[in-house]
Number of protein chains: 2
Amino acid sequence: MHDDLSPLCSRFLTAADLLGRRWTGVILRILMDGPCRFGELTERIGTISERVLSERLKDLEAEGILERHVDPGPPIRSEYRLTEKGQAFWKVIDELGKWAERWVDVKAPAQKGVGAKSTRAAPRKRKSA
Amino acid sequence: MHDDLSPLCSRFLTAADLLGRRWTGVILRILMDGPCRFGELTERIGTISERVLSERLKDLEAEGILERHVDPGPPIRSEYRLTEKGQAFWKVIDELGKWAERWVDVKAPAQKGVGAKSTRAAPRKRKSA
DNA sequence: GCAAGCTGCTTCCAAAAAGTAAGTAACTGC
DNA sequence: GCAGTTACTTACTTTTTGGAAGCAGCTTGC
């Protein structure tokens, strides 16, 4: 058993913080399929706001996980693609996908409080009402 | 190239949403080491607020990822432990850990805007000032 | 037998992040 | 020169998180 209460590895904390920001996992998953443009990402994700997508892309670019390429058209287009560091993330995404396939029930979304506020049995009392 | 713009698998979306809530990955990582009590989790994570920890534990319990066991002491204690579904998550956490070890630079935290507001090269202009 | 401490949460309030919608900039086509 | 497209940004609202204090049920000290 764990006996020392070691303070988690700071690298792991950084990575968990990254994936702990909303939409990061989904964005990465899509980019695993290949480069993608802003509008295409918006469309594929469906429910993300452009404001937040823009923010995430900047975050991920700043962290060296993806790169932004501008093709000065004339029909100007920008494209986001994973760097080596970003590509290396595929194993995480892949395992997450496998876990989801095995364990996530499609019937019960369970997303952010929808449909299941509290499945808790007892109302957190110790002894009596 | 991807040509269909398939709408991501909803199971994956659910899983990504789960991990996309702040602290979820860290909580799971700690519980991988074995059962843990509320106060112990607070201590090990260090910077999470008790309010949010409580919320996350309820979420994860509602989703069947962990279970709460109350040992009615007398020195009463509650313990959180992973279910089979939760244990199965170890591969994801493991890959995330491996990625972090290989790719995360300890010197540059890059967490939520700290130290790197924008490493962006050009100020997002198309033609001229 | 009662104040003081511990664990495990919950409540209240302020700050930060995400959602919504409209706006902007550089084009294209008409 | 006006509508449409792409890629964002800005302003404003709602939700989520953080921080700290409160509270319930015990135990210990005196």
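Heavy atoms only: backbone and side chains are in, while hydrogens, waters and symmetry mates are out. Letters A, B, ... are given to chains in the order of the sequence lines, protein chains preceding strands, and every chain is numbered from 1.
Within the 4.0 angstrom heavy-atom criterion, base atoms lie near A:Arg51. A:Ser49 comes within 4.0 angstrom of a base, heavy atoms only.
For B:Gln87, the side-chain contact (heavy atoms from CB on, under 4.5 Å) partners are B:Leu82, not counting sequence neighbours. Remark: A:Lys98 engages A:Asp94, A:Glu95 in a side-chain contact (heavy atoms from CB on, under 4.5 Å) (not counting sequence neighbours).
Side-chain atoms of B:Thr83 come within 3.5 Å of backbone atoms of B:Ile65 as a donor-acceptor pair (strictly under, hydrogens ignored).
Between B:Lys58 and C:dC9 there is no side-chain polar atom (N or O) within less than 4.0 angstrom of OP1 or OP2. Not one side-chain nitrogen or oxygen of A:Thr42 sits closer than 4.0 Å to the OP1 or OP2 atom of D:dA7. Checking the phosphate oxygens (OP1, OP2) of D:dT17, a side-chain nitrogen or oxygen of B:Arg56 falls inside 4.0 Å. In this model, the phosphate group of C:dG19 is approached by a side-chain N or O of A:Trp23 to a distance below 4.0 Å at OP1 or OP2. Under 4.0 angstrom from either OP1 or OP2 of C:dA17 there lies no side-chain N or O belonging to A:Arg22.
Along DNA chain C, the nucleotide nearest A:Gly20 and the nucleotide nearest B:Glu79 are compared for position; the residue whose nucleotide lies closer to the 5' end is B:Glu79. Ranked by how close their nearest DNA chain D nucleotide is to the 5' end, B:Glu55 and B:Glu50 are led by B:Glu55.
Minimum atom distance to the side chain of B:Ser54 is reached by C:dT10, of the listed C:dT10, C:dG8, C:dA22.
When the C1' atom of C:dG8 is taken as reference, atom CG of B:Leu57 falls 11 Å away, rounded to whole Å.
Between B:Phe38 and B:Tyr80, the two ring planes are tilted [angle within 30° to 60°].
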